[in-house]
Amino acid sequence: MKKKEIVFLLLFVTMFMAACSEEGNKSGAEGSVKQEIVLNAGSEPASLDPAMNTSIGSGWILDHMYEGLYTRDQEGNVILGVAEDVEVSEDGTVYTFKIKEDAKWSDGSDLTAEDFKYSWERVLDPNTGARFAYYLYVIKNAEAYNKGEASAEDVGIKVIDNKTLEVTLESPTAFLDSLMTIWTFYPVKKDIVENNKDWTLDAENFVTNGAFYMTKWEHDNQIVLSKNDNYYSESDITLNQITFEMVDDATTAYQLYQTGDLDFIGSIPTDQLTVAKDSKEYTEFPYYSTAMFIFNVNKEPFTNEKVRQAFAMSVDRKSLVENVGRTGETPAFAMVPPGADTPDGDFRENGGDYFEEDYEKAKKLIEEAMKEEGWSEFPEVTLMYSTSDNNKRYAEAVQEMLKQNLNINLKLANQEWNTYLDTLGRGDYQMGRMSWTGLYIDPAVNLEYYLGTSTNNRTGWVNEKYDQLLKDAKVEQDVEKRYELLHEAEKMLMTDLPMMPLYFLTKNYLTSSEIEGVAFYENRSPLFKWAKRIDN
């Protein structure tokens with residue numbers, strides 16, 4: 001063979017092999033899918049300490065990083081989580097949990113009964129200042145310890161051995177399994193917490209026991225979670241990474257979703273709803289939550305009950321949900337939303353509405369209040385809300401309704417979420433926007449928001465009879481009588497009206513068609529634990 005022919009042959013073989021290699025790489029790229037997704041968290045988390053968090057948004061991230069003794073499956077049913085077994089005493093007051101032998105922290109160390117004991121007692125420690133500590137009051141002497149009337153040793157939490165935890169309750173609690181799915185019952189690692197008072201501010205400090213752990217946190221920008229290979233059920237987890245972006249503008253988030261930079265959004269701009277609803281990627285899901293305006297009863301004009309009643313009567317809720325929200329919400333005339341089953345049917349349906357819109361009566365109530373208080377002019381009122389397009393639209397609509405129906409000029413002010421919570425907590429407001437989601441589905445969890453001892457109750461309203469009704473309902477073993485007590489409590493709340501309900505929520509989502517396996521819940525944000533990206 002001539003030299004020129006040999007060179008040509010070698011060149012041909014080289015080009016053929018390169019072409020084959022290129023085709024092979026192309027085929028491999030199409031056949032493999034990178035198991036990473038990007039979600040929108042909206043804003044910087046208020047707290048990622050399970051003991052301190054009170055926000056559904058922050059809880060969404062916590063639910064991907066931690067797991068309690070109980071958890072939920074993909075259909076929302078309560079099942080055992082890191083506990084593999086539980087024994088309950090005949091009288092229903094002692095629960096003995098056996099923790100899975102392969103339950104570990106993300107650093108590979110064992111998850112133990114002592115971890116739960118430490119974490120729960122930390123929540124109850126008065127020095128911690130946990131707002132959700134009252135959720136643990138079902139445990140014997142938990143309330144007394146939290147109020148400084150007992151010691152930690154008196155609390156009904158006992159370590160039997162490394163993997164066995166005994167919990168003694170104040171009284172039988174039928175909803176204990178649902179209650180224990182909330183993040184306040186999640187374990188935290190003692191050495192991490194004790195060695196750094198600012199442990200929740202840096203990703204490298206998060207040692208978690210759930211399906212994912214934090215690997216990156218750019219504050220006010222994004223949080224990145226990675227798969228926890230030490231999770232006992234890691235074989236069920238397909239995703240390698242979840243990124244939570246913090247885009248607080250709904251229109252911007254929608255545009256990022258359209259370009260594929262976000263795989264999921266939970267807030268759809270009103271002007272895009274019609275288009276979104278026609279999409280196969282759109283999901284509308286009932287949500288066990290109530291949107292409301294709260295009143296500071298210690299600041300004029302809301303020191304007068306008639307003013308609060310008048311405001312509640314002067315808002316056209318049907319117009320709000322049809323023209324402002326347009327996402328399937330329903331008008332609310334009570335605190336507890338639909339969805340809580342009782343022996344006699346739905347709690348809300350049985351309780352009915354507690355007031356009706358009546359603009360003429362509302363005007364008379366304002367006149368009576370002004371005479372009673374000696375006001376020559378109605379006090380100036382400012383409605384505060386946390387910054388978001390959705391909140392702004394509702395605030396402006398209510399502003400117009402109060403002007404039209406009561407001739408009251410309502411001023412508007414907005415703050416970023418964490419600042420807003422601080423402002424309300426200090427009582428430095430007159431009227432504010434809030435929503436409340438039952439972390440487990442039971443009327444008590446909605447009504448307990450307004451307990452005099454609840455740190456979530458920022459209205460200044462305290463009614464001892466109301467508090468006693470809820471306390472009695474907590475220990476009442478006769479189911480029908482328990483719901484009677486809860487109906488009575490709600491009636492009392494809706495008579496004094498330290499708040500005015502606006503609507504019961506419905507959640508609306510857009511999820512990329514490339515993502516499957518998302519679990520949608522009626523009282524929590526969607527869980528992406530079992531999600532995966534598919535080659536669509």
Side-chain angles (χ1 to χ4, degrees), residues 34-66 106 183 186 188 192-193 196-208 210-228 237 239-269 272 385-392 414-423 435 507-512 514-515 518 524-529 531 533:
K34 199 172 185 180
Q35 291 300 326
E36 298 179 1
I37 61 173
V38 184
L39 316 177
N40 184 29
S43 62
E44 177 81 357
S47 174
L48 288 181
D49 181 345
M52 301 302 291
N53 178 56
T54 62
S55 164
I56 289 287
S58 302
W60 187 30
I61 300 173
L62 289 173
D63 286 344
H64 287 86
M65 295 198 298
Y66 293 91
S106 54
W183 56 76
Y186 289 161
V188 291
I192 296 294
V193 177
N196 185 350
K197 65 181 179 68
D198 296 322
W199 69 277
T200 60
L201 300 180
D202 195 332
E204 67 180 19
N205 294 329
F206 281 87
V207 177
T208 62
F212 301 89
Y213 69 101
M214 191 187 301
T215 51
K216 182 181 179 182
W217 188 350
E218 292 181 5
H219 289 278
D220 295 307
N221 185 30
Q222 67 173 207
I223 284 176
V224 179
L225 305 185
S226 296
K227 180 181 177 180
N228 176 14
I237 311 303
L239 290 177
N240 292 317
Q241 180 175 295
I242 300 176
T243 299
F244 290 91
E245 297 288 351
M246 301 172 194
V247 184
D248 61 5
D249 181 75
T251 299
T252 302
Y254 181 78
Q255 292 169 345
L256 290 171
Y257 178 82
Q258 293 297 104
T259 59
D261 293 298
L262 288 174
D263 295 307
F264 170 88
I265 56 174
S267 181
I268 303 168
Q272 298 296 333
Y385 60 91
S386 59
T387 306
S388 84
D389 291 342
N390 197 46
N391 289 349
K392 181 181 179 182
N414 65 290
Q415 294 178 335
E416 182 273 330
W417 175 247
N418 290 335
T419 304
Y420 178 68
L421 283 182
D422 181 63
T423 299
S435 64
K507 281 292 187 178
N508 307 78
Y509 309 113
L510 280 172
T511 310
S512 168
E514 295 182 0
I515 309 299
V518 183
R524 300 283 266 276
S525 297
L527 195 64
F528 287 78
K529 175 180 176 179
R533 184 177 289 280

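Numbers for residues simply follow the sequence, beginning at 1.
Looking at residues two or more places apart in sequence or on another chain, you find no side-chain hydrogen bond (donor to acceptor under 3.5 Å, both in side chains) involving Gln255. In terms of the side-chain hydrogen bond (donor to acceptor under 3.5 Å, both in side chains) criterion, residue partners of Asp49 (sequence neighbours excluded) are, by chain and number, Arg122. Legend: residues meeting side-chain contact (heavy atoms from CB on, under 4.5 Å) with Thr423, ordered by chain and number and at least two apart, are Met384, Gln415, Thr419, Arg426, Asp428. The side-chain contact (heavy atoms from CB on, under 4.5 Å) test applied to Ser58 returns Pro45, Ala46, Leu48, Asn53, Ser55, not counting sequence neighbours. Residues passing the side-chain hydrogen bond (donor to acceptor under 3.5 Å, both in side chains) test with Glu218, sequence neighbours excluded: Lys216, Asn221. By the side-chain contact (heavy atoms from CB on, under 4.5 Å) test, Glu36 pairs with Lys34, Gln241, sequence neighbours left out.
For the residue pair Asp63 / Ser525, no side-chain donor-acceptor distance below 3.5 Å is found, with atom types taken as modelled. Side chain to side chain, Ser43 and Asp248 fail the donor-acceptor criterion of an N or O pair below 3.5 Å.
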Go through the steps to decide whether Ser388 and Asn390 satisfy the test side chain to side chain donor-acceptor pair (under 3.5 Å), and finish with yes or no. CA-CA 5 Å; Ser388 84; Asn390 197 46; 5.6 Å; no
Decide side chain to side chain contact (heavy atoms under 4.5 Å, CB included) for Arg524 and Trp183; before the verdict, give the C-alpha distance in whole Å, the side-chain angles of both, and the deciding distance to 0.1 Å. CA-CA 11 Å; Arg524 300 283 266 276; Trp183 56 76; 4.3 Å; yes
Would you check, one step at a time, whether the test side chain to side chain contact (heavy atoms under 4.5 Å, CB included) holds for Thr208 with Met214? CA-CA 8 Å; Thr208 62; Met214 191 187 301; over 6 Å; no
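In this structure a side-chain-to-backbone donor-acceptor pair under 3.5 Å is missing from Tyr254 to Asp249. Remark: side-chain polar atoms of Tyr213 are not paired, donor with acceptor, to backbone N or O of Glu204 under 3.5 angstrom. Put simply, the side chain of Lys227 gets close to the backbone of Ile237: a donor and an acceptor are under 3.5 Å apart.
Using cut-offs of 30° and 60° on the angle between ring planes, the pair Trp60 and His64 is perpendicular. The aromatic rings of Phe528 and Phe264 stand perpendicular to each other, their planes meeting at an angle above 60°, with 30° marking the opposite boundary.
In this structure, CD1 in Ile268 is found 10.5 Å from NZ in Lys507, a value given to the nearest 0.5 Å. Distance check, rounded to the nearest 0.5 Å: CG of Leu201 to CG of Asn196 gives 8.0 Å. Put simply, CG on Asp263 and CD on Glu514 are 7.0 Å apart, with the number rounded to the nearest 0.5 Å. Summarising the geometry, atom CD1 belonging to Ile223 is positioned 14.0 Å from atom CZ belonging to Phe212; distances are rounded to the nearest 0.5 Å. Remark: Asn228 CG to Thr215 OG1 distance equals 11.5 Å, nearest 0.5 Å. Within the model, atoms CZ of Phe244 and CG of Asn40 stand 10.5 Å from one another, a figure rounded to the nearest 0.5 Å.
The minimum heavy-atom distance between Trp217 and Phe206, with the atom names listed, is CZ3-CE1, 4.1 Å. Taking each heavy atom of Asn418 and Glu44 in turn, the nearest pair found is ND2-O, 4.1 Å. Scanning both residues, Gly266 and Tyr509, for their nearest heavy atoms gives CA-CD2, 3.8 Å. Scanning both residues, Ala250 and Asp389, for their nearest heavy atoms gives N-OD2, 3.8 Å. When all heavy atoms are compared, the tightest approach of Asn205 to Asp198 is ND2-O, 4.1 Å. Among all heavy-atom pairs drawn from Val518 and Ala531, the shortest one is CG2-CB, 4.3 Å.
Annotation: side chain of Asn414 is not in contact with side chain of Lys392 (no heavy-atom distance under 4.5 Å).
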